[in-house]
Amino acid sequence: MKILANDGISKSGIVALEKAGFEVITTKVAQEQVANFVNKNNISVILVRSATKVRKDIIDACPGLKIVGRGGVGMDNIDVEYAKSKGIHVINTPASSSESVAELVFAHLFTGVRFLHDSNRNMPLEGDTNFDGLKKAYANGLELRGKTLGLIGMGRIGQATAKMAIGLGMKVIYSDTHIPKKDIKVSFFDGQSISISLVSQTQESLFQESDFISLHVPAQDTHVIGEKELEMMKDGVGIVNCARGGAIDEVALVKALDSGKVLFAGLDVYESEPNPEITILMNPKISLTPHIGAATEEAQDRIGTELAHQIISLLSKSLVI
């Protein structure tokens, strides 16, 4: 049986699948050629990340497709229910990348409060001629310790972010209508741990109380943060979105950054991805990454291995013929 890992897969995942008798193809196929490639090469399983989309057209055009796998959490690039209605199994790896995304959230937070994103742009240009000027410009940084971090969403990534914030000495609050209460266990290197109980609150109170806000929501039909929500926030708030593009109204965000209402933003995802707006890319108050939340060696290794185990398990139980 052949597997197309169109957005790549870790070596550990390939090894596990090949050991089980599968042929793994890692050729990158253009979106418009996916269906033709799948049929021509008798592909039974297609694995994707966020780039390749498996929509109704591909599902209808590929009757031999038995499994669609998403290396990551969100599956908004797959027509999940339609695939299931056609007898195709849809799998993902919700637990494999939580820590990696949470660490990127803090990379953006640390970058924002110490202006590293702007400093790294200007030091190569002016560091040898305007050192004292740059030193003065970036001298009013902030500490994260003791500040309040508001999390919109308390799924696996939200929980991982909460643990890191607590370990750093931050106060954590969250809003999630599906998880009214959550016990957060923070484990340390020597085997000790602490547990903290958190209770969900309204988004309005979260916006009013938070010094920094991080989004951890699935794909949305409307903005979670727009002009109205920004007005509720503290002056000088920092906002990070490593969840989904479109969760923040980028026009309203730029306006709030320009006015000073928002101190900085950290973005890993964008409304018009993969072609972010130039007003976002050129804004000196935004820390930018190109949708790399789960792109660590450790996370990709876990994702590949978990996908392989799920595929092998499905087939061994004769759920796919």
Side-chain angles (χ1 to χ4, degrees), residues 101-123 133-154 158 161-162 164-175 198 200-217 223-243 245-271 276-277 279-289:
V101 178
E103 287 191 7
L104 184 61
V105 169
F106 273 92
H108 280 296
L109 285 171
F110 279 117
T111 293
V113 294
R114 298 307 296 268
F115 314 111
L116 301 185
H117 52 297
D118 202 45
S119 177
N120 280 327
R121 287 168 171 165
N122 289 323
M123 279 294 288
L134 293 178
K135 182 177 180 179
K136 182 178 180 179
Y138 303 128
N140 58 336
L142 300 171
E143 294 182 358
L144 294 179
R145 182 176 298 275
K147 303 299 195 303
T148 298
L149 176 64
L151 304 176
I152 302 178
M154 189 50 81
T161 305
M164 293 180 190
I166 292 167
L168 190 61
M170 301 184 78
K171 176 184 177 181
V172 176
I173 59 177
Y174 82 96
S175 180
L198 301 176
S200 177
Q201 59 190 69
T202 65
Q203 283 193 11
E204 182 175 351
S205 64
L206 182 145
F207 292 142
Q208 294 170 346
E209 296 175 28
S210 299
D211 298 302
F212 307 100
I213 295 171
S214 182
L215 289 97
H216 301 281
V217 295
H223 298 123
V224 177
I225 294 178
E227 188 171 351
K228 176 183 176 182
E229 290 75 21
L230 287 164
E231 290 175 355
M232 298 179 190
M233 297 177 189
K234 289 183 177 181
D235 292 340
V237 68
I239 302 172
V240 176
N241 184 14
C242 292
I248 299 177
D249 180 342
E250 293 179 355
V251 173
L253 176 63
V254 169
K255 181 179 178 181
L257 287 165
D258 291 344
S259 71
K261 176 69 176 184
V262 175
L263 177 64
F264 72 88
L267 301 179
D268 187 49
V269 291
Y270 307 88
E271 283 194 276
E277 299 297 331
T279 53
I280 294 293
L281 297 178
M282 297 302 293
N283 194 297
K285 294 184 178 181
I286 302 179
S287 173
L288 304 157
T289 49

| request: Check for a donor-acceptor pair, side chain of H117 on one end and backbone N or O of P284 on the other, with a separation under 3.5 Å. | output: yes

| query | Has the side chain of E229 got a donor or acceptor atom that lies under 3.5 Å from a matching backbone atom of F207? | reply | no

| task | Decide side chain to side chain contact (heavy atoms under 4.5 Å, CB included) for F106 and V240; before the verdict, give the C-alpha distance in whole Å, the side-chain angles of both, and the deciding distance to 0.1 Å. | result | CA-CA 9 Å; F106 273 92; V240 176; over 6 Å; no

| message | Strictly distance-based, threshold 3.5 Å: is any side-chain N or O of T202 a donor or acceptor partner for the main-chain N or O of S205? | response | yes

| Rounded to the nearest 0.5 Å, what separation is found between the OH atom of Y270 and the CD1 atom of I286? | 8.0 Å

| message | For the CD1 atom of I225 and the CD1 atom of I213, what is their distance to the nearest 0.5 Å? | response | 5.5 Å

| message | When you compare the side chain of L116 with that of F110, does any pair of heavy atoms fall below 4.5 Å? | response | no

| said: Tell me whether S175 contacts the main-chain N or O of Q201 through its side chain, where contact means a donor paired with an acceptor under 3.5 Å. | reply: yes

| message | Ignoring hydrogens, what is the shortest heavy-atom contact between V217 and A243? Give both atom names and the distance. | response | O-CB, 3.5 Å

| note | Rounded to the nearest 0.5 Å, the CZ atom of R114 sits from the OG1 atom of T111 at a distance of 11.0 Å

| request: May I ask you to decide if T148's main-chain N or O and D211's side chain share a donor-acceptor pair within less than 3.5 Å? | output: yes

| field | Steps toward side chain to side chain contact (heavy atoms under 4.5 Å, CB included) verdict (I239, M233) | value | CA-CA 10 Å; I239 302 172; M233 297 177 189; 3.8 Å; yes

| task | To the nearest 0.5 Å, tell me how far Q203 CD sits from M232 CE. | result | 9.0 Å

| task | Determine yes or no for a side-chain-to-main-chain donor-acceptor pair under 3.5 angstrom, with K234 supplying the side chain and E209 the backbone. | result | yes

| note | CG of L144 to CZ of F212, rounded to nearest 0.5 Å, is 5.0 Å

| field | Least distance between heavy atoms, K285 atom then L257 atom | value | NZ-O, 2.9 Å

| Which heavy atom in H216 sits nearest to a heavy atom in T161, and how many Å separate them? | CE1-OG1, 3.4 Å

| message | What verdict does the side chain to side chain contact (heavy atoms under 4.5 Å, CB included) test give for I173 and S210, after you've listed the backbone C-alpha separation in whole Å, the side-chain angles of each residue and the deciding distance to 0.1 Å? | response | CA-CA 8 Å; I173 59 177; S210 299; 3.5 Å; yes

| field | Residue pair T289 / H108, side-chain heavy-atom distance below 4.5 Å | value | yes

| said: Would you say that more than 12 heavy atoms from the other residues, nucleotides or ligands in this model lie under 6.0 Å from the CD of E143, or not? | reply: no

| Between A247 and N241, what is the shortest heavy-atom contact and its length? | CB-ND2, 4.0 Å

| field | Step-by-step side chain to side chain contact (heavy atoms under 4.5 Å, CB included) determination, F264 to D118 | value | CA-CA 11 Å; F264 72 88; D118 202 45; over 6 Å; no

| message | Taking K147's backbone N and O only, do any of them form a donor-acceptor pair with K171's side chain (distance below 3.5 Å, no angle check)? | response | no

| field | Smallest separation among heavy atoms of E250 and E271, with atom names | value | OE2-N, 2.8 Å

| Looking at CG of D249 and CG of L230, how far apart are the two atoms once the value is rounded to the nearest 0.5 Å? | 8.0 Å

| Close side-chain approach of I248 and L267, heavy atoms under 4.5 Å | yes

| Which atom pair, heavy atoms only, marks the closest approach of L263 to G236? | CB-O, 3.4 Å

| query | Is there a side-chain contact between N120 and M123, using heavy atoms and a 4.5 Å cut-off? | reply | no

